[in-house]
2 protein chains.
Amino acid sequence: MKALKISEAVVRRLPVYLRHLLELKQREVLTVSSQDLGQKLNLNPAQIRKDLAYFGDFGRKGIGYDVSYLIQQIRHILKLDQVIPVGLVGAGKLGHALCNYTVYLKDNMKIVAVFDAQESKINTEINNLKVQPMSDLIPTVREKQIRIGIITVPATEAQHVADQFVEAGVEAILNFAPVILRVPPNIRVHTADFTTDLFSLAYYLSDNGKEVPAE
Amino acid sequence: MKALKISEAVVRRLPVYLRHLLELKQREVLTVSSQDLGQKLNLNPAQIRKDLAYFGDFGRKGIGYDVSYLIQQIRHILKLDQVIPVGLVGAGKLGHALCNYTVYLKDNMKIVAVFDAQESKINTEINNLKVQPMSDLIPTVREKQIRIGIITVPATEAQHVADQFVEAGVEAILNFAPVILRVPPNIRVHTADFTTDLFSLAYYLSDNGKEVPAE
DNA sequence: TAGATTGTTAATCGATTAACAATC
DNA sequence: TAGATTGTTAATCGATTAACAATC
């Protein structure tokens with residue numbers, strides 16, 4: 001239990017641990033070693049032990065980690081032992097898809113409001129939520145105490161939406177638009193940009209694909 | 001032009017550079033310095049110069065980088081100077097959303113086939129493509145020379161789909177399911193798992209949120 | 001020429017991994 | 001007790017940044 005600064009790499013692995021632990025729990029596995037976890041998650045066991053040890057002594061020498069206890073601890077570390085209200089802007093296909101995931105996120109995060117700029121989308125229903133106009137954003141974020149904003153609008157709109165989220169007082173933003181957002185330093189932004197993933201994949205393709213016909 | 005191994009971190013920045021360069025080009029900016037780029041992308045200029053220098057001497061001292069030329073070079077490095085055929089499994093909301101992005105990816109990647117296991121989805125149209133049954137996957141991947149597979153199915157199905165993609169001969173997989181896939185070492189997998197992004201964001205929320213009422 | 005900016009080397013910083021005493 | 005596995009220190013590895021000669 002030190003007061004070290006935890007690197008982002010560590011923080012990003014915690015949800016991966018959590019997810020696998022939940023699966024183990026469902027399979028009624030009671031205990032797991034860093035060895036086992038590493039095997040499943042393609043990670044070095046020492047790294048897993050070190051990651052967890054930043055936050056406490058969760059394991060037992062000679063035994064491993066109690067699955068339920070570790071779940072509880074990671075939930076606490078990630079602040080997922082409370083339900084976090086989330087807002088989403090952009091009621092397109094992607095926004096829709098994310099709303100459906102709410103089921104999966106259940107006890108951890110809940111999308112409590114959806115906004116869109118397009119007239120035609122407003123008042124349509126997504127997952128029991130009425131899509132609201134952009135003018136509702138700031139008051140609704142405040143009223144519903146929304147802490148995380150999700151942006152699934154076109155790249156050209158994303159900065160504007162981010163500005164409004166910031167003004168309304170969200171603490172963090174998950175941005176799906178392929179754009180680097182400018183926000184104050186106290187706001188955390190993660191970018192979930194699948195074009196980056198996809199384009200970087202191309203780099204690893206073999207060279208001898210169907211070449212451009214030799215000119 | 002060395003034969004060094006390029007780290008994944010470098011490769012992942014290339015699409016980010018490319019994207020911003022395309023925007024500059026559209027704004028008819030002719031030349032850009034590592035300084036400018038760094039500012040816009042929140043990166044250290046030295047890092048940008050180093051990244052690019054792995055692949056060649058693209059800049060001019062005292063001037064910077066020619067926007068069009070650098071675009072062309074990065075495209076080549078990423079193998080995006082050819083159209084790469086992509087297949088997608090999972091015609092849900094997320095799959096739909098990705099298909100629509102094809103417009104954005106235009107000259108680089110093209111989703112040429114969509115598959116789904118659900119009877120009701122088959123033969124529906126997405127972006128001018130008829131959704132095909134899973135039994136078509138292997139023959140179609142081969143026939144259309146699909147090189148990258150995208151997986152947007154539930155976590156429980158993802159490994160099975162990956163296995164089929166691998167058997168059919170794709171070289172890389174972009175996986176949206178929250179699961180670690182097992183594939184042979186010659187297949188590249190990127191995981192675009194937004195639950196990880198979202199959960200790790202929660203870590204950075206302030207502690208003084210609406211606490212669980214003190215027991 | 002003077003100012004700007006690259007490509008690259010050297011210095012720094014940080015993250016991963018190996019190793020092992022402690023102990024269940 | 002013997003075997004297993006943690007938590008942690010030390011060693012390694014790799015990535016980022018600073019600095020600067022070269023040069024447009």
Side-chain angles (χ1 to χ4, degrees), chain A residues 1-14 16-17 20-21 24 29-74 77 180 196 200 203, chain B residues 1-14 16-17 20-21 24 29-74 77 180 196 200 203:
Chain A
M1 208 85 58
K2 299 101 182 208
L4 295 178
K5 216 155 294 150
I6 306 296
S7 84
E8 182 170 339
V10 174
V11 175
R12 284 187 164 271
R13 281 191 293 268
L14 294 178
V16 179
Y17 301 153
H20 187 63
L21 288 164
L24 289 177
V29 177
L30 296 179
T31 267
V32 68
S33 67
S34 60
Q35 184 79 223
D36 296 343
L37 275 172
Q39 196 116 47
K40 276 292 183 189
L41 305 176
N42 296 333
L43 294 171
N44 183 300
Q47 183 171 63
I48 295 174
R49 293 201 297 280
K50 200 159 198 263
D51 284 353
L52 296 173
Y54 282 119
F55 302 98
D57 289 5
F58 301 143
R60 281 209 294 162
K61 294 189 171 78
I63 310 281
Y65 299 89
D66 180 279
V67 171
S68 292
Y69 179 68
L70 192 52
I71 286 173
Q72 191 189 316
Q73 291 302 317
I74 296 182
I77 295 163
I180 309 285
T196 300
S200 60
Y203 176 81
Chain B
M1 206 83 62
K2 299 104 181 199
L4 294 177
K5 217 156 293 153
I6 307 296
S7 85
E8 182 168 340
V10 174
V11 174
R12 283 187 166 270
R13 281 191 293 268
L14 294 178
V16 179
Y17 301 153
H20 187 62
L21 288 164
L24 290 178
V29 178
L30 297 178
T31 266
V32 69
S33 69
S34 60
Q35 183 80 222
D36 296 343
L37 276 172
Q39 196 116 47
K40 277 292 182 188
L41 305 176
N42 296 332
L43 295 171
N44 182 300
Q47 183 171 61
I48 296 175
R49 294 201 296 280
K50 200 159 197 263
D51 284 355
L52 297 173
Y54 281 120
F55 302 99
D57 290 5
F58 301 143
R60 281 209 294 163
K61 295 189 168 79
I63 310 282
Y65 299 89
D66 180 279
V67 171
S68 292
Y69 179 68
L70 192 52
I71 287 173
Q72 191 189 316
Q73 291 301 317
I74 296 182
I77 295 163
I180 309 284
T196 300
S200 60
Y203 176 81

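First the proteins, then the strands, lettered A, B, ... as listed; each starts at 1.
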Rounded to the nearest 0.5 Å, what separation is found between the CD atom of A:Q72 and the CG atom of A:L21?
12.5 Å
Between D:dG14 (P) and B:I6 (CD1): distance, integer Å:
14 Å
Rounded to whole Å, CG of B:D66 lies from C1' of C:dT6 at a distance of 14 Å
Hey, does the side chain of A:Y65 come within less than 4.0 Å of C:dC24's phosphate (OP1/OP2), counting only N and O?
no
Whole angstrom value for the distance that separates P of D:dT6 from OH of A:Y54:
17 Å
Show your working on side chain to side chain contact (heavy atoms under 4.5 Å, CB included) between A:I74 and A:L52 and close with a plain yes or no.
CA-CA 9 Å; A:I74 296 182; A:L52 296 173; 4.2 Å; yes
What's the CZ-C1' distance between A:R12 and C:dA15, to the nearest Å?
16 Å
Result for side chain to side chain contact (heavy atoms under 4.5 Å, CB included) between B:L37 and one of B:L43, B:V16, B:I48 points to B:I48
Quick one: list whatever passes salt bridge (charged side-chain N to carboxylate O under 4.0 Å, His left out) with B:R49, sequence neighbours left out.
none
Select from A:R60 and A:V10 the residue whose nearest nucleotide in DNA chain C is closer to the 5' end of that strand.
A:V10
Residues within residues 30-38 of chain A bordering DNA chain C, heavy-atom distance below 4.0 Å:
none
Going by the rule salt bridge (charged side-chain N to carboxylate O under 4.0 Å, His left out), which residues pair with A:R12 if we only count those two or more places apart in sequence or in a different chain?
A:E8, B:D197
Return the minimal non-hydrogen interatomic distance between A:F55 and A:D51, and the atom names on each side.
CD1-O, 3.4 Å
Yes or no on side chain to side chain contact (heavy atoms under 4.5 Å, CB included) for A:L14 and A:Y54, after CA distance, side-chain angles and deciding distance?
CA-CA 11 Å; A:L14 294 178; A:Y54 282 119; over 6 Å; no
Contacts under 3.5 Å, N or O only, protein and nucleotides 1-3 of chain D:
none

Straight-line distance of B:H20 NE2 to A:I180 CD1, nearest 0.5 Å
9.5 Å
Reported OG-to-NZ distance for the pair A:S34 and A:K50, which is rounded to 0.5 angstrom
14.0 Å
Could you tell me how far apart B:E8 (CD) and C:dT16 (C1') are, to the nearest whole angstrom?
15 Å
Roughly, in whole Å, what's the span from CD1 in B:I63 to P in D:dA22?
19 Å
Distances for protein N or O near nucleotides 17-20 of chain D N or O, under 3.5 Å:
unit_1 : atom_1 : unit_2 : atom_2 : d
D:dA18 : OP2    : B:N44  : ND2    : 3.3
D:dA19 : N6     : B:R49  : NH2    : 3.2

Take atom CG of B:D57 and atom P of D:dA22, then tell me their distance rounded to the nearest Å.
15 Å
Could you state the CG-P distance from B:L52 to C:dT8, rounded to the nearest angstrom?
12 Å
Between A:L24 and the options A:V32, A:I71, A:D36, A:L70, the side chain to side chain contact (heavy atoms under 4.5 Å, CB included) test singles out A:V32
Apply side chain to side chain contact (heavy atoms under 4.5 Å, CB included) to residues A:I6 and B:Y203 and explain how you reach the verdict.
CA-CA 10 Å; A:I6 306 296; B:Y203 176 81; 3.4 Å; yes
Please convert DNA chain C into dot-bracket. A pair counts if it is Watson-Crick or G-U wobble with both distances under 3.5 Å; crossing pairs go in [ ] and bases paired with another strand get |.
..||||||||||||||||||||||
Closest contact, heavy atoms only, A:F58 versus A:Q73
CE2-OE1, 3.4 Å
